[in-house]
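Convention: sequence-line order gives letters A, B, ...; per-chain numbering from 1. No experiment lies behind these values; they were computed from the predicted model shown.
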Number of protein chains: 2
Amino acid sequence: MATLKEVAKLAKVDPSVVSRVVNNDPALNIKTETRKRILDAIEKMNYRPNLSARNLKKGQSKMLGMIIPDFSNPVYSSMIHGAEDQAAHEGYNLLVYSMKQKGLEKSYSPLLEGQIEGLLIANSEIDNKEILELKKTKKPFILVNRFVPGIDNYVVANDVLGAKLATKHLIDQGHHLIAHISGPLFTGTGLNRFQGYREGLQEKNVDFSPVYVQESKYTVESGYESMQRLLDLPTPPTAVFASNIMICLGAMKAIHDRGLSVPKDISIIGVHDVFFASTLQPPLTTIEMPLYDMGKEAVKKLITIIQGDEGENERGIMIDGASLILRSSTSPPPFS
Amino acid sequence: MATLKEVAKLAKVDPSVVSRVVNNDPALNIKTETRKRILDAIEKMNYRPNLSARNLKKGQSKMLGMIIPDFSNPVYSSMIHGAEDQAAHEGYNLLVYSMKQKGLEKSYSPLLEGQIEGLLIANSEIDNKEILELKKTKKPFILVNRFVPGIDNYVVANDVLGAKLATKHLIDQGHHLIAHISGPLFTGTGLNRFQGYREGLQEKNVDFSPVYVQESKYTVESGYESMQRLLDLPTPPTAVFASNIMICLGAMKAIHDRGLSVPKDISIIGVHDVFFASTLQPPLTTIEMPLYDMGKEAVKKLITIIQGDEGENERGIMIDGASLILRSSTSPPPFS
DNA sequence: CTGTTAGCGCTTTCAC
DNA sequence: GTGAAAGCGCTAACAG
């Protein structure tokens with residue numbers, strides 16, 4: 001619409017002066033009177049700076065990108081909000097893509113084309129290889145809730161701790177036949193939660209039994225099937241630790257479909273305290289992970305990398321903290 | 001990184017020629033040999049066009065914005081996906097903001113600053129007044145799932161139809177004491193679903209009773225409270241039609257907390273078939289609205305407006321269609 | 001305290 | 001078929 005030049009003309013000053021007041025130039029040696037005239041002109045013409053021009057000039061875009069697998073996956077919403085808040089706080093916008101329809105190529109291109117200055121990858125579906133490839137471009141990016149060997153720019157949670165919390169809670173309730181439906185064991189979260197499960201068992205002197213471990217995907221369907229297998233065991237578990245909320249939902253359904261009841265027959269606990277956990281029947285006991293903070297910290301670190309130009313020699317970050325949200329899906333086992 | 005100019009130098013041609021091949025200029029009068037040389041140079045230098053520059057030059061940004069209230073609200077994820085898909089299809093990117101931390105001002109500014117070419121407003125939290133204000137700027141925007149008097153750029157679903165479907169289903173099951181927990185009655189969706197409820201009742205010759213209507217917000221808490229009030233009635237309803245999924249979740253919880261059972265004591269049906277509806281206990285009967293298509297159509301129309309420069313004289317669009325997703329939260333009433 | 005100048009990287013007439 | 005030149009709107013030295 002109105003350009004800086006036009007404003008300048010109306011205010012009878014040079015465009016550069018207008019630029020200075022618009023940007024609140026710290027060297028604000030501008031006569032109060034002139035400033036007022038300019039401000040008036042801006043107001044009158046309804047002037048708004050053109051970002052493309054500014055970005056071109058300054059070689060920046062003040063935009064960050066974020067790739068997630070799917071907007072409907074509730075696990076990501078907290079991360080997005082954290083990232084969004086921090087980005088806004090630092091004057092950046094966040095462009096969130098789901099991978100639903102885009103290939104990776106499309107997800108990277110905004111980065112390569114300077115549309116975004118950095119990329120948050122919160123997505124287990126992208127191949128390690130492709131990420132290593134991206135590294136070669138030297139463009140700033142960061143992995144969120146994910147670990148890839150050879151990449152130091154990542155922010156993860158303490159999944160071992162969270163899993164240990166869950167497992168120990170089950171043991172404290174009196175269970176010792178505790179199954180684990182894990183995430184994919186080629187993912188950092190899946191692996192670490194599995195490890196936390198084992199450590200929790202060990203620290204409480206409960207035997208580990210491989211038959212009680214079902215490797216699953218992070219989906220409702222996969223959780224459902226895994227739970228079925230567990231229920232088919234000669235001695236089914238009395239409690240289940242689900243590696244994430246989707247699995248947990250599927251597992252609960254499988255239990256109900258067998259005519260069993262939670263927690264009377266089987267206790268269940270899952271990672272991720274999504275908003276509807278408390279509305280489920282029974283209300284779900286969960287482990288809350290610091291998803292929001294992960295998003296926040298990821299953006300913080302990403303911006304550091306962007307500004308440091310070099311960066312990326314630092315190690316990854318682990319956001320500590322995981323809390324047991326006690327509700328009603330866990331209770332002592334039937335015969336204890 | 002590498003600029004067009006540098007590529008040109010390497011390929012020993014003029015920058016303009018490079019530009020033409022990069023853009024696949026339809027007037028592709030370019031010798032195959034030259035083109036090859038240029039392509040090689042691009043490859044070798046890993047050249048990617050700078051979008052800020054291109055956008056500045058062409059006075060566009062190929063970006064659309066979308067405001068939603070909250071990423072964790074599952075109602076919006078389908079709309080986002082639809083919008084995203086269509087945007088990608090037409091060569092646009094979608095910048096999705098939640099209103100969580102930003103004021104309206106911040107949400108509009110990308111539009112005014114030319115960062116985005118158009119805005120999808122999928123948000124009941126924004127004041128009508130502010131939207132009317134936005135209209136004055138003549139910038140392209142469109143309302144999604146929302147109606148504001150005086151604004152013709154909108155895409156809505158057939159909420160009356162959806163509500164009628166739900167109500168009639170309940171009646172067909174044998175209910176006649178059917179309550180409705182409505183959304184806010186100053187919103188289009190709330191109002192239309194209420195109307196659909198009344199029409200459904202009327203068409204099936206069931207009496208309408210104002211005491212069975214609770215106006216609520218679209219939140220779990222509000223649904224919970226409304227349901228409590230309904231249960232406190234001298235003659236509580238035997239079935240409930242919840243105006244959206246959040247309300248439905250809250251209402252279900254209230255029913256359970258009273259020691260009542262769904263659907264044995266009370267049937268319940270809600271609008272919006274979110275992914276976890278089938279995993280609930282009991283699996284929820286819902287009305288599926290064409291959310292994905294609304295997102296898609298909204299983008300389509302928005303782009304039309306953007307390209308038509310004028311536009312906006314057309315009327316709003318209603319995406320027809322609503323389906324009953326029959327599961328187990330509805331059944332015949334106790335004594336029928 | 002304000003104006004001049006140059007240029008960010010790209011596209012687009014218009015020439016040749 | 002390719003090159004020259006101008007300019008999108010803004011900012012950042014540098015003068016004055």
Kindly indicate, with the supporting measurements, whether the criterion side-chain hydrogen bond (donor to acceptor under 3.5 Å, both in side chains) is fulfilled by A/Asp85 and A/Tyr292. CA-CA 9 Å; A/Asp85 284 353; A/Tyr292 179 87; 2.4 Å; yes
Rounded to whole Å, how long is the line connecting atom [atom1] of [X] with atom [atom2] of [N]?
| X | N | atom1 | atom2 | result |
| --- | --- | --- | --- | --- |
| A/Arg35 | C/dC1 | CZ | C1' | 12 Å |
| B/Leu56 | C/dG7 | CG | P | 17 Å |
| B/Lys31 | D/dG3 | NZ | C1' | 14 Å |
| A/Asn55 | C/dC10 | CG | C1' | 15 Å |

Do any N or O atoms of the protein come closer than 3.5 Å to N or O atoms of nucleotides 10-13 of chain D, and which pairs are they?
| unit_1 | atom_1 | unit_2 | atom_2 | d |
| --- | --- | --- | --- | --- |
| D/dC10 | OP1 | A/Tyr47 | OH | 2.6 |
| D/dC10 | OP1 | A/Asn50 | N | 3.1 |
| D/dC10 | OP2 | A/Leu4 | N | 2.4 |
| D/dT11 | OP1 | A/Asn23 | OD1 | 3.3 |
| D/dT11 | OP1 | A/Asn23 | ND2 | 3.2 |
| D/dT11 | OP1 | A/Arg54 | NE | 2.7 |
| D/dT11 | OP1 | A/Arg54 | NH2 | 3.3 |
| D/dT11 | OP2 | A/Ser19 | OG | 2.8 |
| D/dT11 | OP2 | A/Asn23 | ND2 | 3.3 |
| D/dT11 | O2 | A/Lys57 | NZ | 3.2 |
| D/dA13 | N6 | A/Arg20 | NH2 | 3.2 |

We want to know whether B/Arg315 and B/Asn153 form a side-chain donor-acceptor pair, criterion being a heavy-atom distance below 3.5 angstrom.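 Per modelled atom types, B/Arg315 and B/Asn153 side chains form no pair under 3.5 Å.
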Has the side chain of A/Tyr218 got a donor or acceptor atom that lies under 3.5 Å from a matching backbone atom of A/Gly190?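 Here the side-chain-to-backbone pair exists.
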Within the distance-only criterion (no hydrogens, no angle test), does the side chain of A/Lys62 pair as donor or acceptor with the backbone N or O of A/Asn55 below 3.5 angstrom?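 Checked: no pair found.
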Please classify the nucleic acid contact of B/Thr34 as base, sugar-phosphate, or nothing, using heavy-atom distances under 4.0 Å.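 B/Thr34: backbone/sugar contact only, no base atoms under 4.0 Å.
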Proximity of B/His81 and A/Phe71 rings by center, below 6.0 Å: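 Centroid separation for B/His81 and A/Phe71: below 6.0 Å.
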Kindly compute the distance separating CD (A/Glu117) from CG (A/Leu111), expressed to the nearest 0.5 Å.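 CG of A/Leu111 is found 10.0 Å from CD of A/Glu117.
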Would you be so kind as to tabulate the donor-acceptor pairs closer than 3.5 Å made by side chains of residues 7-16 of chain B, with sequence neighbours excluded?
| unit_1 | atom_1 | unit_2 | atom_2 | d |
| --- | --- | --- | --- | --- |
| B/Asp14 | OD2 | B/Ser16 | N | 2.8 |
| B/Asp14 | OD2 | B/Ser16 | OG | 2.6 |
| B/Ser16 | OG | B/Arg20 | NH2 | 3.4 |

The helix from C/dC1-D/dG16 to C/dC16-D/dG1: angle between its terminal axes, five pairs each, to 10°?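 Answer for the end axes of this duplex: 40°.
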Non-hydrogen side-chain atoms of A/Asn93 and A/Leu64 separated by less than 4.5 Å: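 No, side chains not in contact.
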